[in-house]
*Asks:* 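My questions all concern the structure below.
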Amino acid sequence: MTNRLVVFDCDGTLVDSQHSICTAMTRAFESARLTPPDRLAILPVVGLSLRHAIARLLPEAEADFHDHLSDRYKQAFHQLRAEKAVSEPLYPGIADLIRDLDAQGWLLGVATGKSDRGLGLCLAHHGIAGHFVTLQTADRHPSKPHPSMLLTAMAEAGATPETTVMIGDTRFDIDMGLAAGVRSIGVGWGYHPPHELAEAGAHAVAMDSAELRRHIGTP
């Protein structure tokens with residue numbers, strides 16, 4: 001029997017981390033004596049691996065500088081943690097949804113542009129880490145929308161594209177899901193507007209956790 005697998009994006013899907021991401025990005029740019037991008041420029045690149053996100057924010061810079069600014073961002077985020085200023089609250093209904101899916105026999109995974117450390121700290125903070133059987137991060141994969149994270153998650157969970165669902169708030173998530181051949185559901189509470197998720201080919205777009213629950217249960 002093939003296992004059923006639900007793979008969630010993290011930032012913008014499980015947790016609302018925009019304040020911390022924008023603050024760390026602002027500090028990174030300022031430390032390099034650059035004018036930081038505003039929030040409306042940062043949010044559309046959330047979900048990409050860090051270096052790819054920075055490359056989109058600063059396309060005129062060389063690759064080496066993208067790497068340098070990525071290091072500055074990581075340092076800024078670590079400093080936020082040291083200041084106990086990281087804010088990554090779960091979206092309403094997500095904790096209950098995760099517990100219920102687990103109890104119903106679904107296997108759960110995460111595919112995220114976060115680092116291993118960042119994802120581990122986030123899930124542990126909310127007490128939900130034990131529900132996930134596969135965790136895929138930017139540390140070990142090409143950036144979304146490459147399907148590597150999902151392909152590895154399915155292999156680890158013993159699932160197939162036909163029994164897997166990808167949940168995410170950005171078109172990068174939808175594109176990744178479609179590239180892997182899995183049912184892909186967008187969430188309208190994250191960082192890309194719902195119409196972009198629909199245009200990307202999402203099989204459905206949920207506007208709250210109750211609607212998401214119904215879509216996951218739909219063959």
Side-chain angles (χ1 to χ4, degrees), residues 6-28 36-50 53-54 56-57 73-74 76-101 108-129 131-132 135-138 144 149 165-174 176-177 184-197 200 202 204-213 215-216:
V6 179
V7 180
F8 292 90
D9 169 56
C10 188
D11 298 311
T13 300
L14 295 179
V15 300
D16 186 4
S17 47
Q18 62 177 294
H19 175 74
S20 298
I21 290 171
C22 291
T23 300
M25 193 67 75
T26 295
R27 290 187 182 185
D38 64 25
R39 187 179 69 88
L40 294 180
I42 295 171
L43 292 185
V45 303
V46 174
L48 295 171
S49 298
L50 179 56
I54 287 174
R56 290 206 180 191
L57 292 172
Y73 176 93
K74 292 174 185 176
F77 213 100
H78 291 162
Q79 184 59 38
L80 285 174
R81 290 202 184 280
E83 296 168 4
K84 301 188 184 305
V86 171
S87 174
E88 296 178 320
L90 287 170
Y91 284 102
I94 289 297
D96 288 341
L97 175 61
I98 288 169
R99 285 192 290 267
D100 290 347
L101 289 171
L108 304 180
V110 177
T112 177
K114 281 184 177 297
S115 66
D116 286 334
R117 181 174 184 271
L119 177 60
L121 289 169
C122 178
L123 298 181
H125 173 74
H126 292 295
I128 57 175
H131 293 288
F132 295 93
L135 302 175
Q136 308 304 324
T137 76
K144 297 175 184 178
M149 291 188 199
V165 184
M166 177 66 207
I167 311 294
D169 70 301
T170 71
R171 70 174 303 132
F172 314 130
D173 299 308
I174 304 304
M176 177 177 67
S184 303
I185 301 173
V187 298
W189 54 76
Y191 305 147
H192 286 191
H195 72 86
E196 287 191 10
L197 307 179
V205 179
M207 299 309 294
D208 58 36
S209 61
E211 187 178 3
L212 177 57
R213 184 188 298 262
H215 287 312
I216 291 172

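What you see is a predicted model; the values in this text were computed from it and never measured.
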*Asks:* Using side-chain heavy atoms (C-beta onward) and a distance below 4.5 Å, is Phe8 in contact with Leu101?
*Replies:*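 With C-beta onward as the side chain, the pair touches.
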*Asks:* Rounded to the nearest 0.5 Å, what's the gap from CD1 on Ile21 to CD1 on Ile42? Could you check?
*Replies:*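 Going from CD1 on Ile21 over to CD1 on Ile42, the span is 9.0 Å.
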*Asks:* Do the side chain of Lys144 and the main chain of Ala111 share a donor and acceptor less than 3.5 angstrom apart?
*Replies:*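 The answer is yes, because a donor-acceptor pair under 3.5 Å joins these two groups.
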*Asks:* Using a 3.5 Å distance criterion without hydrogens, assess whether the side chain of Tyr191 forms a donor-acceptor pair with backbone atoms of Asp11.
*Replies:*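 No.
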*Asks:* Could you report the tightest heavy-atom contact between Gly188 and Pro194, atom names first, then the distance?
*Replies:*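 Result for this residue pair: CA-CG, 3.9 Å.
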*Asks:* Going from CD1 on Ile98 to CD1 on Ile128, what distance comes out if it is rounded to the nearest 0.5 angstrom?
*Replies:*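 The CD1 atom of Ile98 sits 4.0 Å away from the CD1 atom of Ile128.
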*Asks:* Side-chain contact, heavy-atom cut-off 4.5 Å: Cys10 with Leu119?
*Replies:*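 Counting from C-beta outward, Cys10 and Leu119 do come under 4.5 Å.
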*Asks:* Heavy atoms, side chains only, cut-off 4.5 Å: are Arg117 and Lys74 in contact?
*Replies:*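 Answer no - side chains too far apart.
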*Asks:* Could you tell me whether the side chain of Leu121 reaches within less than 4.5 Å of the side chain of Arg81, counting heavy atoms only?
*Replies:*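 Yes, side chains in contact.
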*Asks:* Where the side chain of Asp16 meets the backbone of Pro89, is there a donor-acceptor pair that is under 3.5 Å apart?
*Replies:*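 Not confirmed, Asp16 side chain does not pair with Pro89 backbone.
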*Asks:* Verify, without hydrogens or angle tests, whether His126 (side chain) and Glu88 (backbone) share a donor-acceptor contact under 3.5 angstrom.
*Replies:*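 Answer holds: yes.
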*Asks:* Any side-chain to backbone donor/acceptor pair from Trp189 onto Thr13? Under 3.5 Å, distance only.
*Replies:*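 Checking the backbone N and O of Thr13 against the side chain of Trp189, a donor-acceptor pair under 3.5 Å is found.
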*Asks:* Please answer whether the main-chain N or O of Gly118 pairs with a side-chain N or O of Ser115 as donor and acceptor at a distance below 3.5 Å.
*Replies:*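 Answer holds: yes.
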*Asks:* Is any side-chain heavy atom of Arg27 less than 4.5 Å from a side-chain heavy atom of Leu80?
*Replies:*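 Yes, side chains in contact.
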*Asks:* Counting distance only, does the side-chain N/O of Ser184 pair as donor-acceptor with the main-chain N or O of Ala202 below 3.5 Å?
*Replies:*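 It does not hold such a pair.
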*Asks:* May I ask you to decide if Thr170's main-chain N or O and Asp173's side chain share a donor-acceptor pair within less than 3.5 Å?
*Replies:*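 Flag set: sc Asp173 to bb Thr170 pair under 3.5 Å.
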